[in-house]
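For reference, the structure is listed below as C-alpha cells.
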Number of protein chains: 2
Amino acid sequence: MSIESGVNSGDIKFVSLAESVFERIENDILSGKYKKGETFTESRLSELFGVSRTPIREAIRKLEQENLIKVTTKGVEILGVSPGDIEDIYEIRGRIEGLAAKKCAGIITSEDLKKLEEIVDLQDFYTQKGLHEKIRDTDSAFHEMIYSICGSNVYSSVLSNLHHRILKYRKMSIQNPERARRAVIEHREICEALAARDGELADKLTVQHICNARDNIMRNFSE
Amino acid sequence: MSIESGVNSGDIKFVSLAESVFERIENDILSGKYKKGETFTESRLSELFGVSRTPIREAIRKLEQENLIKVTTKGVEILGVSPGDIEDIYEIRGRIEGLAAKKCAGIITSEDLKKLEEIVDLQDFYTQKGLHEKIRDTDSAFHEMIYSICGSNVYSSVLSNLHHRILKYRKMSIQNPERARRAVIEHREICEALAARDGELADKLTVQHICNARDNIMRNFSE
DNA sequence: ATCTGTGTTATTGTATACAATTATACAAGT
DNA sequence: ACTTGTATAATTGTATACAATAACACAGAT
C-alpha cells in the first residue's frame, strides 16, 4: 500500500529476501507475467533476482504449497491459475463469502466500520479517476478487510487465498467502467447492512455482489 | 498407506528430507502431539530429526503457508487447529463438498467407482475389527478420492486442506463405534448415487454425511 | 527504584561448497 | 532400426560456515 494508508506504527519491519522473492514471483504468476508450462531452474531464478539459491528455494516451497508451481527434476514449472479455475473459485466464494459477511455483522466495531467506509470512499475516488490498479487494490482491501473482521482464521485463509488467485481477472473485470461503478455501490450497500448489524442482509448482498462480479468476468471470456 | 494398497507401479520415488520432515511435523501438529504455543528453534528441530537446518527451514516454509506455525524471532511457534476452527471447517465443507460430489457424478469412470467401493469395503472391514487408525485412514482415502475425481484443482485443494486439518478430531469421532458404522453406510449410499450418476442425490447425501459427522464431533466436545 | 545504554548471546537469514539424483547423448550390441 | 548400457552434464538436495538481527542481562546514571 501507499505511505499514508498502511502506517499504523512507525515500525520498520525486516523482510527477508526469501519473503520478498516469494511475493515477487507470486505476483508475477498471478498477474500473468509467466506463462503456464514455462520452466525455470533455481540457478536461473537465483541470478534473475540477484540472490543465492537458499532464499529462492524457500520461496519455491511456499509457492509449491499454494499450487502455483510444480517442482520437477528439470526445474520449476509454472502452473498458474487457469480460466477454468475461475468459475470454481467464484462458485466457492459465492457459497461461503456471504457467511463471512454475516459473521462480521455480529462483531464489527465502529472503528472497523469507519475503516471499511474509508476504503469504499477511496475506491469511489479512484473509480471516478479511472485508475485501474488503484481500483483493484482498494477492491482487494475491502474484501480482505471483511475476511479479517469476520474473526475466523479458517474463513479468512480460505477466502483470502481464493480472492488472491484471481488477481489478473479482477483487473480485467474492473476495466469495465460500468462494472467498476456498480462494485462501489454494492460495497456501500454491504457497509450499510453491516452498520445496521443486519447479518442476513449483509449475507444476501455479498452473495449477489460476487455473483455479479462473476457474471462480468465470464462475459469478458466469451467476448 | 500400507504395502498392498498404495502400489500402482513398482516405482521407488525419491523423497527429500525436507519433504519427509514436513510431513512428520505436520502430522505431529495435526495429531495433537505438539501443544499450541509451544516453540522450537530450528537447531532443536534439526537435532530432533537428525538433519541439517536447510531441509528443516524448507519444511517450516510450507507449514507457515498452511498456517500451522508462526515464525518469530525466538523460533517456530505452534499454532495448530483450535476446537473453534472445527465448526468453521465443517460449516465450509457442508457448503461445498456436496458440489464436489455432484461434479463427480457427471464424470466418474467405472474404474474410479470400483476403487471407491474397494475403499468402503476396507473401511467396513476395519470398522468390524475396531481398528481406529485404519478406519480413519480409509475414511480419509474415501474423501480424498472424491476430491480427486471431481476434476477441479480448486475444489480439491480447498477441501483436501480442510479435511486434512481435522485429523485429530476425526480420530476421536470414529472411536464412537455407532458413528463408525453409520459412516460406512453413508459412504456406501454416496457410492450408489455416483454409480447411478445421480448428481443431485450424491450432493444431498454428502451434505447430510458431513452434517452428521459434525454433530458427532461436536457431541464429543460437549461431553 | 527505575530507566537507559551497552556488550553478550541466541536465533534466524544467506551464501557457498559439495553430494545425490536424474536427464541426455552417444556408442555398442542385437 | 531399435534397444541397452555407460559416461557426461545438468539439476536438485543437503550440510556447513558466516552474516545480520533481535533478545537478554547487567551495569551505571538519574
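FYI, side chains are in, hydrogens and waters are out, and symmetry mates aren't considered; it's all heavy atoms of this structure. Throughout, a chain's letter reflects where its sequence line sits, starting with A, and its residues are numbered from 1.
- Considering only residues two or more places apart in sequence or on other chains, A:Ser152 meets the side chain to side chain donor-acceptor pair (under 3.5 Å) condition with B:Asp88.
- The separation between B:Phe14 atom CZ and D:dT12 atom C1' is 8 Å, rounded to whole Å.
- With sequence neighbours left out, B:Ser82 forms a side-chain contact (heavy atoms from CB on, under 4.5 Å) with B:Asp85.
- Among residues two or more places apart in sequence or in another chain, the ring pair (Phe, Tyr, Trp, His ring centres under 6.0 Å) test is passed with B:Phe22 by none.
- For B:Arg57 and D:dA19, the CZ to C1' distance is 13 Å, given to the nearest whole Å.
- Remark: A:Glu118 engages no residue in a side chain to side chain donor-acceptor pair (under 3.5 Å) (not counting sequence neighbours).
- Under the rule for a ring pair (Phe, Tyr, Trp, His ring centres under 6.0 Å), B:His164 has no partner lying at least two apart in sequence or in another chain.
- Although no hydrogens or angles enter the test, the distance criterion places a donor-acceptor pair under 3.5 Å between the side chain of B:Ser31 and the main chain of B:Asn27.
- The side chain of A:Pro55 lies closest to C:dT14 when the candidates are C:dG13, C:dT21, C:dT14.
- Ring-plane geometry between B:His187 and B:Phe142 is classed as parallel, the angle between the planes falling under 30 degrees on a 0 to 90 degree scale with a further cut at 60.
- Although no hydrogens or angles enter the test, the distance criterion places no donor-acceptor pair under 3.5 Å between the side chain of B:Arg61 and the main chain of A:Arg61.
- Residues of residues 59-70 of chain B having a heavy atom closer than 4.0 Å to DNA chain D: none are found.
- In this structure, B:Arg197 contributes its side chain and B:Ile108 its backbone to a donor-acceptor pair below 3.5 Å.
- Applying the ring pair (Phe, Tyr, Trp, His ring centres under 6.0 Å) rule to B:Tyr155 yields no partners; only residues at least two apart in sequence or on another chain are considered.
- Distances were taken from every side-chain heavy atom of A:Thr54 (C-beta onward) to each of D:dA17, C:dT16, D:dG13; the shortest belongs to C:dT16.
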List, with names and distances, any nitrogen or oxygen atoms from the protein found under 3.5 Å away from nitrogen or oxygen atoms belonging to nucleotides 23-26 of chain D.
unit_1	atom_1	unit_2	atom_2	d
D:dA23	OP1	B:Thr73	OG1	2.8
D:dC24	OP1	B:Lys74	NZ	3.3

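- A:Ser140 places a side-chain N or O within 3.5 Å of a backbone atom of A:Arg136 that can act as its donor or acceptor partner.
- Partners of A:Glu42 by side chain to side chain donor-acceptor pair (under 3.5 Å), not counting sequence neighbours, listed by chain and number: A:Arg53, A:Arg57.
- Residues from residues 17-27 of chain A lying near DNA chain C, meaning a heavy-atom separation below 4.0 Å, are A:Leu17, A:Ala18 in numerical order.
- For DNA chain D, the neighbouring residues in residues 37-52 of chain B, judged by any heavy atom under 4.0 Å, are B:Val51, B:Ser52.
- Identified under the ring pair (Phe, Tyr, Trp, His ring centres under 6.0 Å) test for residues 39-96 of chain B, with sequence neighbours left out: B:Tyr34-B:Phe40.
- Between D:dT12 and A:Arg53, no contact under 4.0 Å exists linking OP1 or OP2 to a side-chain N or O.
- Note: CD (B:Glu58) to P (C:dT12) measures 16 Å, nearest angstrom.
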